[in-house]
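The structure appears right after this line, and notes come after that.
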Amino acid sequence: HRVRTLKSPPTSLIEATTLPRKVLETAFKQVDVSPATQARIFKALTALPQLKLNVFDVTSRSLIVGLARLNPAADREHRMYAPRFPKPQTEGFFVVVSDAAKDEIVALKRVGWPAADKGRGGGAAKPTARSVIRLPESSVERRLDVSVVSDGYVIMVWRMDGVEVPKVVEVMEVEDDGTKKA
């Protein structure tokens, strides 16, 4: 059984959190990273969130964004790994829905994990969250990009591009006399 080697360094924190430990250990040995430094790096990497992003129930007026943490949180309160920050901070994310064709932000909403004392996954080792994002009406079908941006871990961004959003369906009423009324 061969250990996979690192052909090129990870290009993002997200990629670094998903690489097998053996691959990283091999890479660290190649560049003479001390075992003590490796331990600190692994502690930080295992604390960083690995997210699964889901977009569902898409209508012309809204969509639902679901987040699931794939790796266990460091503690029940979902505190961020920030050893030099003076007070504890909880993990949070901004959901940004944008229209690349128009170069505009369509919606922005902050999402956090459920609190440890609440139901529905609060305090869970692998929490989940979902948020309903309201969309402005549009008379045309559009493709929107959904980004989830960590509010504390710089440059950690998860994306789902090209989410198809249908146009608003116009309903016409018919009067009793047979004439159409908008």
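Here the structure is a predicted model, which is why all the values come from computation and not from measurement. Computed over heavy atoms, backbone and side chain alike; hydrogens, waters and symmetry mates excluded.
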Can you check whether [X] reaches [Y] side chain to side chain, under 4.5 Å on heavy atoms?
X      : Y      : result
Ser62  : Ile133 : no
Phe85  : Met80  : no
Val146 : Val96  : no
Thr17  : Asn71  : no
Val65  : Leu63  : yes
Leu67  : Thr128 : no
Glu91  : Pro49  : yes
Leu24  : Arg21  : no

Check for me, please, whether [X] and [Y] land in the same ILVMFWY cluster - side-chain distances under 4.5 Å, paths through other members count.
X      : Y      : answer
Val31  : Leu45  : yes
Val163 : Val106 : yes
Val168 : Val97  : no
Leu144 : Val55  : yes
Val157 : Val111 : no

Margin query: Asp99 vs Arg142, test: salt bridge (charged side-chain N to carboxylate O under 4.0 Å, His left out). Steps then yes/no.
Written below: CA-CA 8 Å; Asp99 187 336; Arg142 43 194 175 155; 5.5 Å; no
I'd like to know if the side chain of [X] reaches the main chain of [Y], judged simply by a donor and an acceptor atom lying under 3.5 Å from each other, with no hydrogens or angles considered.
X      : Y      : result
Tyr153 : Tyr81  : yes
Asp145 : Gly162 : yes
Gln38  : Glu25  : no
Thr37  : Val33  : no
Lys52  : Gly66  : no

Looking only at non-hydrogen atoms, find the nearest pair between [X] and [Y] and report the distance.
X      : Y      : answer
Met156 : Leu48  : SD-CD2, 4.2 Å
Ala68  : Trp113 : C-CH2, 4.3 Å
Ala129 : Gly112 : CB-O, 3.7 Å
Ser60  : Pro166 : CB-O, 3.2 Å

Has Ile105 got more than 12 heavy atoms of other residues, nucleotides or ligands less than 6.0 Å from its CD1? no
Cation over ring, Arg110 on Phe93, under 6.0 Å and within 45°? no
Separation between [atom1] of [X] and [atom2] of [Y], rounded to the nearest 0.5 Å:
X     : Y      : atom1 : atom2 : value
Leu53 : Trp158 : CG    : CH2   : 9.5 Å
Phe94 : Leu108 : CZ    : CG    : 6.5 Å
Gln50 : Lys126 : CD    : NZ    : 9.0 Å
Leu70 : Thr18  : CG    : OG1   : 10.0 Å

Handout entry: Candidate pair Glu164 and Arg143, rule salt bridge (charged side-chain N to carboxylate O under 4.0 Å, His left out), full reasoning
Key = CA-CA 5 Å; Glu164 292 185 22; Arg143 289 183 177 270; 2.9 Å; yes
Q | Between Ser131 and Lys109: side-chain donor-acceptor atoms closer than 3.5 Å | A | yes
Q | Between Arg159 and Ser147: side-chain donor-acceptor atoms closer than 3.5 Å | A | yes
Going by an N to O cut-off under 4.0 Å, is there a salt bridge joining Arg61 and Glu137? yes
